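Both counts, for ligands and for their atoms, begin at 1 and track the order of listing. All of these numbers come straight from a predicted model, not from anything done at the bench. Keep in mind that the numbers below use all heavy atoms, side chains included, and drop hydrogens, waters and symmetry copies.
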Amino acid sequence: MTKSEIGTDVARAVDILRRGGVVGLPTETVYGLGADASNPEAVARIFRIKGRPSDHPLIVHVSDTSTARHWTCNWTPQAQALADAFWPGPLTIVVERAAHVISEVTGELSTVALRCPSHPLMREVLESFGGGIAAPSANRFGKVSPTTALHVLRDLGDEVDYILDGGPCSVGLESTIVDCSTAPVQILRPGDVTLEQVIAVVDLVAPITGNRRAPGMLPSHYAPDCQVHPVESLGEAQREIEEMRAEFGSSGDTGIARIVVLDATVDPEKFATTMYAELRECDIQGVQDVFVVLPPDAGIGTAIRDRILKASSSR
Ligand code: TXA
Ligand code: MG
């Protein structure tokens, strides 16, 4: 099969979306695999390409709050407050769905997830397209999300109709998801918009460790081929590596395991931006074990811990 083209032609991307095609699209968080959210066949193709179970709902991307309202029957005051504070940006808001929202998007749920991204090229696409664009992260199900157009090309290049290149993603991990269909509102997935920032806008927020109702929030996710080992300090990483080396020695195995240590504590914000690209690079380089020194569970650290712990779960 031929690889699809990468380019910066917004009109072409919009034309393909209008005709029911599937396009790799840049956002500030990660690249999405986009299709017309009101076209059941186009949305079904997203699921086939990703190998994603059909009961895992998709996020509908919109250009602004008034377009968001079209997709819900109950745009709550909390939803409006969060949109005012963080849109366009890396925040997804879950609300009761409008009657016309197709079940291919919602996975039969009574709610819909809405996001207004800030990436300039994606904004151009959304404004020109006019409707909602359903887009999961543009990776195969359970694998590491893409943060460059090249990642999308490598993973799904044979199957998408076009890849719009918006450069490397500035945030680097998926949006924060806040469920506004419940009271108190609930954070379903931590992200760049932090718990602290959400609490400053809507005062009643259930703890992040609460009941995670989002399908797709599986314990194992975002997983590279290498084995990820989360640790709390560099010292812990060193001790575990020494133990591994000792085991190698005693088994008489002469092969030297390729081990990498990534320290997320030095600059967590920067680490978040590049962590998926680094995990992908480890796979390319044939690294077997990656130790990640986790940052404290606060601010962006909460999202980093969430993704690294999921990446480390046995598959
Ligand atoms: O940053 C992002 O959110 C990226 C970019 C492309 O926008 N998208 C993304 O999509 O991460 P995806 O499909 O990989 O993750 C979306 C998550 C899934 O875990 C899904 O279960 C959850 O959102 N979700 C979607 N609709 C939902 C709903 N109605 N209620 C609860 N969770 C929902
Ligand atoms: Mg994903």
Side-chain angles (χ1 to χ4, degrees), residues 22-35 37 43 46-47 49-62 71-74 79 86-98 101-119 121-123 125-126 132-147 151-152 155-156 164 166 169-182 185-193 210-223 272 276 303 306-307 310-311:
V22 174
V23 181
L25 293 167
T27 85
E28 69 279 21
T29 57
V30 300
Y31 274 71
L33 186 62
V43 174
I46 291 180
F47 283 88
I49 293 174
K50 269 195 76 117
R52 173 164 163 140
S54 60
D55 61 349
H56 287 212
L58 303 180
I59 296 171
V60 176
H61 297 71
V62 293
W71 294 86
T72 173
C73 63
N74 187 16
F86 304 114
W87 279 6
L91 179 86
T92 295
I93 299 174
V94 173
V95 279
E96 289 300 315
R97 68 180 183 87
V101 186
I102 59 176
S103 59
E104 284 81 356
V105 165
T106 62
E108 311 280 350
L109 293 179
S110 61
T111 53
V112 64
L114 300 169
R115 175 159 115 79
C116 172
S118 65
H119 191 290
L121 269 195
M122 182 62 169
R123 295 199 58 68
V125 170
L126 283 164
I133 298 177
S137 50
N139 52 282
R140 294 214 192 270
F141 181 62
K143 293 295 181 182
V144 178
S145 295
T147 56
H151 294 161
V152 182
D155 288 5
L156 307 173
L164 191 64
C169 301
S170 60
V171 172
L173 45 79
E174 305 80 359
S175 61
T176 307
I177 304 180
V178 181
D179 188 350
C180 290
S181 72
T182 57
V185 310
Q186 203 175 10
I187 297 189
L188 300 179
R189 180 172 73 184
D192 188 58
V193 173
N211 173 25
R212 284 167 182 252
R213 293 180 318 125
M217 308 267 152
L218 304 172
S220 169
H221 216 124
Y222 318 105
Y276 286 148
D306 173 73
R307 303 307 194 278
K310 284 183 174 136

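- The backbone N or O of H119 sits less than 3.5 Å from a side-chain atom of E28, completing a donor-acceptor pair.
- At a cut-off of 2.8 Å, S137 coordinates the Mg ion (ligand 2) through an N, O or S atom.
- Distance alone, capped at 3.5 Å, places no donor-acceptor pair between the R52 side chain and the R140 backbone.
- Side-chain atoms of S137 do not come within 3.5 Å of backbone N or O of N139 as any donor-acceptor pair.
- T176 places a side-chain N or O within donor-acceptor distance of the main-chain N or O of V193, the cut-off being under 3.5 Å.
- Residue-level proximity to ligand 1 for I177 is carried by the side chain, the only part with a heavy atom below 4.0 angstrom.
- Shown in contact with T29 at under 4.0 Å from a heavy atom are these atoms of ligand 1, numbered in order with element: 1 (O), 2 (C), 4 (C), 5 (C).
- By heavy-atom distance, the residue among L188, V112, V95, T176 lying nearest atom 31 (C) of ligand 1 is L188.
- Residue L58 touches ligand 1 through its backbone alone, judged by heavy-atom distances below 4.0 Å.
- Short contacts between ligand 1 and S137, defined as distances under 4.0 Å to a heavy atom of the residue, involve ligand atoms 8 (N), 9 (C), 10 (O), 12 (P), 14 (O).
- Under a 4.0 Å heavy-atom criterion, T106 is not in contact with ligand 1.
- Counting atoms of ligand 1 from 1 in the listed order, those under 4.0 Å from a heavy atom of A113 are 25 (C), 26 (N), 27 (C), 29 (N).
- Close approach of ligand 1 to L109 is summarised as follows: ligand atoms under 4.0 Å from at least one heavy atom of the residue are 28 (C), 29 (N), 30 (N).
- Only the side chain of R189 comes within 4.0 Å of ligand 1, judged by heavy-atom distances.
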Would S54 and E104 count as a side chain to side chain contact (heavy atoms under 4.5 Å, CB included) here? Give the steps. CA-CA 7 Å; S54 60; E104 284 81 356; over 6 Å; no
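- Residue V94 touches ligand 1 through its side chain alone, judged by heavy-atom distances below 4.0 Å.
- With hydrogens and angles ignored, the 3.5 Å screen pairs no side-chain donor or acceptor of R97 with any backbone N or O of W71.
- Ring centroids of H151 and Y276 are separated by 6.0 Å or more, keeping the two rings apart.
- Looking at ligand 1, you'll find an N or O of R115 within less than 3.5 Å of one of its N or O atoms.
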Run the side chain to side chain contact (heavy atoms under 4.5 Å, CB included) check on I59 and S175 step by step: do they pass? CA-CA 10 Å; I59 296 171; S175 61; 4.2 Å; yes
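- Checking side-chain atoms of T106 against main-chain N and O of T111 turns up no donor-acceptor pair under 3.5 Å.
- By heavy-atom distance, the residue among V178, D192, N139, T111 lying nearest atom 29 (N) of ligand 1 is T111.
- Considering P57, S181, G34 only, the shortest heavy-atom separation from atom 25 (C) of ligand 1 involves P57.
- A heavy-atom separation below 4.0 Å is not found between H56 and ligand 1.
- Checked by distance only, ligand 1 and R52 come closer than 3.5 Å through their nitrogen or oxygen atoms.
- Between the Y31 side chain and the C169 main chain, no donor and acceptor come within less than 3.5 Å of each other.
- Judged by the shortest distance from any of its heavy atoms, H61 lies inside the 4.0 Å radius around the atoms of ligand 1.
- Residue Q186 does not touch ligand 1, judged by heavy-atom distances below 4.0 Å.
- Distances from atom 4 (C) of ligand 1 to the heavy atoms of L91, I133, V30, D55 put V30 nearest.
- Here is the list of ligand 1 atoms found below 4.0 Å of a heavy atom in P136: 10 (O), 12 (P), 13 (O).
- Of the N and O atoms on the side chains of T92 and R189, not one donor lies less than 3.5 Å from an acceptor on the other residue.
- Here the CD1 atom belonging to I93 is positioned 9.5 Å from the CZ atom belonging to F86, to the nearest 0.5 angstrom.
- Each of the following atoms of ligand 1 lies closer than 4.0 Å to a heavy atom of S175: 1 (O), 2 (C), 3 (O).
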Run the side chain to side chain contact (heavy atoms under 4.5 Å, CB included) test on K50 and L33 for me, step by step, so that the C-alpha distance in whole Å, both residues' side-chain angles and the decisive distance to 0.1 Å come before the verdict. CA-CA 9 Å; K50 269 195 76 117; L33 186 62; 3.7 Å; yes
